[in-house]
Amino acid sequence: MTIRVIIVDDQAMVRAGFAALLSAQADIDVVGEAPDGRAGVAVARSLHPDVVLMDVRMPEMDGLTAAREILDPPPGVVHRPKVLMLTTFDIDDYVYEALRAGASGFLLKDAPPADLIAAVRVVASGEALLAPSVTRRLIADFVERRPAPRKDPRLRLHGLTPRETEVLELIARGLSNQEIAGHLVVAEQTVKTHIGRVLAKLDLRDRAQAVIFAYEAGVVRPGDSA
């Protein structure tokens, strides 16, 4: 199945470069682009892409606000694509907020071309969090410095079985499905089943939100080792 992508970035050369690279892949089709967040929201709602590549800093509407509008649409809008944030390390705060809003991950704008291609495929599949070790450190840093949310997420853990809680912990530590299967000595398909149940019970969109939830609920803590 072809992955439909739109690119939202205020730099025309960046959009053109990413579009050329991704369009050269047999399984990826760049169906649209936009120069700012407001236009990006409109394009996403009209073209129904699978993945939105979203820059953070843009005029008219920044990427964070646009991601929130795409991922939490008004009544009547049912399509919600995956959002992959394009960023640099000096604006990590925005990345964290984007992940909390439901973005599936982030990618450095100067990443190698192969990483961009892989990122789109990973986010589209929903199977794994992009760059889990980097994302985990990023989230851990902000969770450590931020106050706990008003609604204690630990209360929601009571709906998980002990095995599901263990799977949530391993997701937050950045393990892939294959690594979790090896750690638990179960089939990888069993891991996928557990992850699906965890996401459903906790009302989470994907693994990125699961990582954040795990830190905020105290399942894992900054500085813990895998």
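What's counted below: heavy atoms across the whole structure, side chains too, no hydrogens, waters or symmetry copies. Keep in mind that this is a model prediction, so the values were computed, not measured.
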A.B. asks: Looking at Lys201 and Gly159, would you say the former's side chain and the latter's main chain have a donor-acceptor pair under 3.5 Å?
C.D. replies: yes
A.B. asks: Answer whether the closest heavy-atom distance between the side chains of Arg15 and Pro35 falls below 4.5 Å.
C.D. replies: yes
A.B. asks: Is it the case that the side chain of Arg38 and the backbone of Met61 share a donor-acceptor pair, with hydrogens and angles ignored and the cut-off at 3.5 Å?
C.D. replies: no
A.B. asks: Look at the side chain of Glu169 and the backbone N and O of Thr165, then say whether any donor-acceptor pair between them is shorter than 3.5 Å.
C.D. replies: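 Not at all, since once roles are kept as given, no pair shorter than 3.5 Å links the two residues.
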A.B. asks: Hey, does Leu53 have a side-chain heavy atom less than 4.5 Å from the side chain of Val120?
C.D. replies: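 Contact flag for Val120/Leu53 side chains = yes.
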A.B. asks: Out of the candidates Ile6, Ile70, Ile7, only one should pair with Met54 under the side-chain contact (heavy atoms from CB on, under 4.5 Å) rule; please name it.
C.D. replies: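 In the set Ile6, Ile70, Ile7, the residue that makes a side-chain contact (heavy atoms from CB on, under 4.5 Å) with Met54 is Ile70.
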A.B. asks: Within the distance-only criterion (no hydrogens, no angle test), does the side chain of Arg80 pair as donor or acceptor with the backbone N or O of Leu71 below 3.5 angstrom?
C.D. replies: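 Here the side-chain-to-backbone pair exists.
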A.B. asks: First locate atom CZ of Phe213, then atom CG of Asp203, and finally report the distance between them rounded to the nearest 0.5 Å.
C.D. replies: 10.0 Å
A.B. asks: Would you mind reporting whether Leu86 and Phe18 have side-chain heavy atoms less than 4.5 Å apart?
C.D. replies: yes
A.B. asks: Between Ser125 (side chain only) and Val122 (backbone N and O only), is there a donor and an acceptor less than 3.5 Å apart?
C.D. replies: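 Yes.
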A.B. asks: To the nearest 0.5 Å, what is the distance between CZ on Arg57 and CD on Gln11?
C.D. replies: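 Output value for this atom pair is 12.0 Å.
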A.B. asks: Asp55 pairs by side-chain contact (heavy atoms from CB on, under 4.5 Å) with which of Asp36, Asp10, Val14, Val8?
C.D. replies: Asp10
A.B. asks: Could you tell me whether the side chain of Val191 reaches within less than 4.5 Å of the side chain of Leu170, counting heavy atoms only?
C.D. replies: no
A.B. asks: Any pair with a residue in residues 30-67 that passes ring-ring contact (aromatic ring centres under 6.0 Å, His included), sequence neighbours left out, goes on the list, sorted by first then second residue, please.
C.D. replies: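 Non-adjacent pairs meeting ring-ring contact (aromatic ring centres under 6.0 Å, His included): His48-His79.
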A.B. asks: Atom OG1 in Thr65, atom CE in Met58: separation rounded to 0.5 Å?
C.D. replies: 9.0 Å
A.B. asks: For Gln178, does the CD atom sit with more than 12 other heavy atoms under 6.0 Å from it, leaving out its own atoms?
C.D. replies: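 Counting neighbours around CD of Gln178, 12 or fewer heavy atoms of other residues, nucleotides or ligands fall under 6.0 Å, so no.
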A.B. asks: At what distance, to the nearest 0.5 angstrom, does NZ of Lys109 lie from CE of Met85?
C.D. replies: 10.5 Å
A.B. asks: Are any side-chain N or O atoms of Arg173 and backbone N or O atoms of Val220, one a donor and one an acceptor, separated by less than 3.5 Å?
C.D. replies: no
A.B. asks: Within the distance-only criterion (no hydrogens, no angle test), does the side chain of Asp29 pair as donor or acceptor with the backbone N or O of Val31 below 3.5 angstrom?
C.D. replies: no
A.B. asks: Report yes if some heavy atom in the side chain of Asn177 is under 4.5 Å from a heavy atom in the side chain of Arg207; otherwise report no.
C.D. replies: yes
